[in-house]
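Working notes, beginning with the structure itself.
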Amino acid sequence: MEFKKCSRCGNFYVTEDDVCPNCKTKDALEFESFKSYVEKNGVQGNLYYMSNATGIAEKNVNRFMNYEGLTFKQSNKNNL
Ligand SMILES: [Zn+2]
């Protein structure tokens, strides 16, 4: 059994998720709002900008950006 450290609260847990069971609901909600923001507006600026625009902590924005299965338009990045 392998322990993982929750990237939101720092608790240890053993599930396959990115965060502990306590944070899972909040994390899923934030991911949904992040996703719908990006679908509407694309990836803009930097982490700080995205964090302010979505109200999600920078470290979580950073994690969401790296999630597989997201289809961000890469052209936005090239324009920076
Ligand atoms: Zn947690």
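Heavy atoms only: backbone and side chains are in, while hydrogens, waters and symmetry mates are out. What you are looking at is a predicted structure, and each value in this text was computed from that prediction instead of being measured. As the structure lists them, so they are numbered: ligands from 1, and atoms in each ligand from 1. By convention here, the first residue in the shown sequence is residue 1.
Under the side chain to side chain donor-acceptor pair (under 3.5 Å) criterion, Lys4 pairs with no residue, sequence neighbours left out.
Here the closest heavy-atom approach between residue Cys9 and residue Cys6 is recorded as N-SG, 3.4 Å.
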Please lay out, stage by stage, how Lys26 and Glu30 fare under the test salt bridge (charged side-chain N to carboxylate O under 4.0 Å, His left out).
CA-CA 6 Å; Lys26 179 130 201 282; Glu30 286 194 352; 3.2 Å; yes
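Taking distances strictly below 2.8 Å, the protein N/O/S atoms close to the Zn ion (ligand 1) are Cys6 SG, Cys9 SG, Cys20 SG, Cys23 SG.
Note on ring orientation: taking the six-membered ring where Trp is involved, the planes of Phe34 and Phe64 are tilted (angle from 30° to 60°).
Side-chain contact of Glu32 with Tyr37: a donor-acceptor pair under 3.5 Å is absent, judged by distance alone.
Here the CG-CG distance, from Asp27 to Asn22, works out to 12.0 Å after rounding to the nearest 0.5 Å.
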